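First the structure, in the form of structure tokens, and then the observations on it.
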Amino acid sequence: MAGFFPDVPARIPFGGLDASEPLAYRVYEPDRLVRGVRMEDHLRIAVCLWHSFNWPGSDVFGTGTFDRPWLAADADPMAAAHDKLDAAFEFVSALGVPFFTFHDRDVAPEGRSFAETRANLDAVAAAMEGHMERTGLRLLWGTANLFSHPRYAAGAATNPDPEVFAYAAAQVKVMLETTHRLGGANYVLWGGREGYETLLNTDLGREEQQFARFLSLVAEHKHRIGFEGKLLLEPKPQEPTKHQYDYDSATVDGFLLRHDLAGEYGVNLEANHATLAGHSFHHEVAVAISRGIFGSIDANRGDYQNGWDTDQFPNSVDELSLALYEIVRAGGFTTGGFNFDAKLRRQSMDRNDLFHAHIGGIDTLARALLVAADLVEAGELEQHRAERYAGWDEGLGADLLGGSLSLPEIEARVVDGGIEPRPVSGAQERLENVVNQRIWAVDRKR
Ligand code: XLS
Ligand code: NI
Ligand code: NI
């Protein structure tokens with residue numbers, strides 16, 4: 001293939017666990033059935049244009065190291081936008097995954113006015129439609145970049161200046177419509193700078209009202225234009241701001257309930273954001289599912305020694321098996337999927353490093369899926385959980401939850417009924433063994 005990745009086959013093949021070719025999948029087989037559903041449809045994998053095609057490999061101490069000609073300072077912005085799209089669609093097609101995701105500013109440059117910026121995005125969206133038709137690739141979600149431009153330094157919806165709110169609202173309107181036009185399955189809002197740097201200059205109450213108003217406007221417009229995808233908030237506790245309002249799933253859920261937005265929004269969970277919030281990724285997935293707000297996932301990982309969003313490609317089957325267990329047990333994704341919101345390391349400057357990163361991440365997810373499916377099928381964890389809570393299904397438990405007993409009546413039940421609770425083992429180590437045994441045995445299931 002003579003495009004931007006000349007050494008890569010037009011489609012990354014499946015080679016199996018013993019494959020010697022590095023550019024081949026060991027586990028990911030799109031058509032393989034797992035609990036009756038194709039692996040591709042379970043995982044719904046997406047490539048993100050932001051980190052993978054729009055980031056030059058720079059960090060705070062150094063400039064870009066990656067070979068991304070369209071990011072050159074002297075490139076004509078619109079020509080560069082089209083070159084970037086060509087390379088991105090070539091990449092995603094060769095990877096053989098069904099979806100991609102992007103921010104408005106990832107694909108189209110900002111113009112000299114709002115109208116010009118909008119025209120740039122419209123032109124690029126037309127080109128994207130052509131690429132999507134040609135390749136069959138679909139849009140998992142679109143989002144607006146409300147954090148890079150200096151106008152958003154103090155936030156977008158939560159900015160002290162109403163003009164910034166208005167500008168951001170107009171920008172989201174355009175990007176929501178663009179996502180709709182491209183048949184996006186979801187629309188994501190990550191509150192990049194919706195938070196504060198210092199409480200000394202921040203009016204928390206006002207900012208919360210502003211944010212809620214912004215989100216109602218977006219939900220209203222979604223219905224107005226007939227966009228059927230889900231609206232998803234992406235929790236993150238900090239970075240770039242010191243404190244972000246969408247701290248984690250539980251915080252987002254409380255906010256939505258408080259502002260009458262429940263039902264309008266779900267969450268897009270990112271593994272590294274969960275760990276930054278002091279949670280495991282497993283926790284965030286389980287909380288979102290239990291609250292009924294689970295939407296989609298930004299797949300990546302942090303570094304146990306670093307306290308920031310290192311956005312590395314995921315490579316731990318052990319960790320992802322637990323998250324996937326929750327997802328498979330809950331019936332799987334509806335509109336969501338696994339988006340690789342992950343960055344190469346700065347020294348990974350070969351063009352093919354982008355392939356190695358994604359292939360490894362995809363195989364890790366595929367293997368975690370097999371483990372999760374196996375755990376669900378075996379049912380040991382569920383059986384233990386059901387037994388552990390069985391007391392709540394009838395008798396005393398049902399009476400307590402049903403609300404028919406007052407505190408004095410409960411006291412009478414304890415005294416007269418001779419209630420004398422005896423502690424029971426939580427069996428944690430045994431259950432941990434159950435998980436590990438499934439991980440070790442997964443190759444035998446074929
Ligand atoms: C940054 C976020 C970002 C969102 C989309 O930390 O993960 O990539 O997913 O704006
Ligand atoms: Ni993300
Ligand atoms: Ni992130």
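Each ligand, and each atom within it, is numbered from 1 in the order the structure gives. The structure presented is a predicted model; accordingly, all values stated were derived computationally and were not measured. Numbering starts at 1 and runs along the sequence shown.
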What short N/O contacts, under 3.5 Å, does ligand 1 make with the protein, listed by atom pair and distance?
unit_1   : atom_1 : unit_2 : atom_2 : d
ligand 1 : 6 (O)  : K236   : NZ     : 2.9
ligand 1 : 6 (O)  : H273   : NE2    : 3.0
ligand 1 : 6 (O)  : D309   : OD2    : 3.2
ligand 1 : 7 (O)  : E234   : OE2    : 2.7
ligand 1 : 7 (O)  : E270   : OE1    : 2.5
ligand 1 : 7 (O)  : H273   : NE2    : 3.3
ligand 1 : 7 (O)  : D341   : OD2    : 2.8
ligand 1 : 8 (O)  : D341   : OD1    : 3.3
ligand 1 : 8 (O)  : D341   : OD2    : 2.6
ligand 1 : 9 (O)  : E234   : OE1    : 2.5
ligand 1 : 9 (O)  : E234   : OE2    : 2.9
ligand 1 : 9 (O)  : D298   : OD2    : 2.8
ligand 1 : 9 (O)  : D341   : OD2    : 2.8
ligand 1 : 10 (O) : H103   : NE2    : 2.6

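In this pair, F89 and H131 present their aromatic rings parallel. The plane angle is below 30°, not in the 30 to 60° band. Ring geometry for H358 against F313 counts as perpendicular: the plane angle is over 60°, on a 0 to 90° scale with 30° as the lower cut. Below 30°, between 30° and 60°, or above 60°: for Y196 and H243 the angle between ring planes is below 30°, a parallel geometry.
For the residue pair H282 and E326, a side-chain donor N or O sits within less than 3.5 Å of a side-chain acceptor on the partner.
By the 4.5 Å heavy-atom criterion applied to side chains, V174 and F114 are counted as neighbours. Looking at P56 and T63, their side chains never come closer than 4.5 Å, going by heavy atoms from C-beta outward. With contacts defined as side-chain heavy-atom distances shorter than 4.5 Å, the pair E194/D246 does not qualify.
In this structure, R181 does not pair ionically with E177, as no charged nitrogen and carboxylate oxygen lie closer than 4.0 Å.
Going from atom CZ of R68 over to atom CZ of R351 covers 8.5 Å, rounded to the nearest 0.5 Å.
Less than 2.8 Å away from the Ni ion (ligand 3), the protein contributes these N/O/S atoms: E270 OE2, H273 NE2, D309 OD2.
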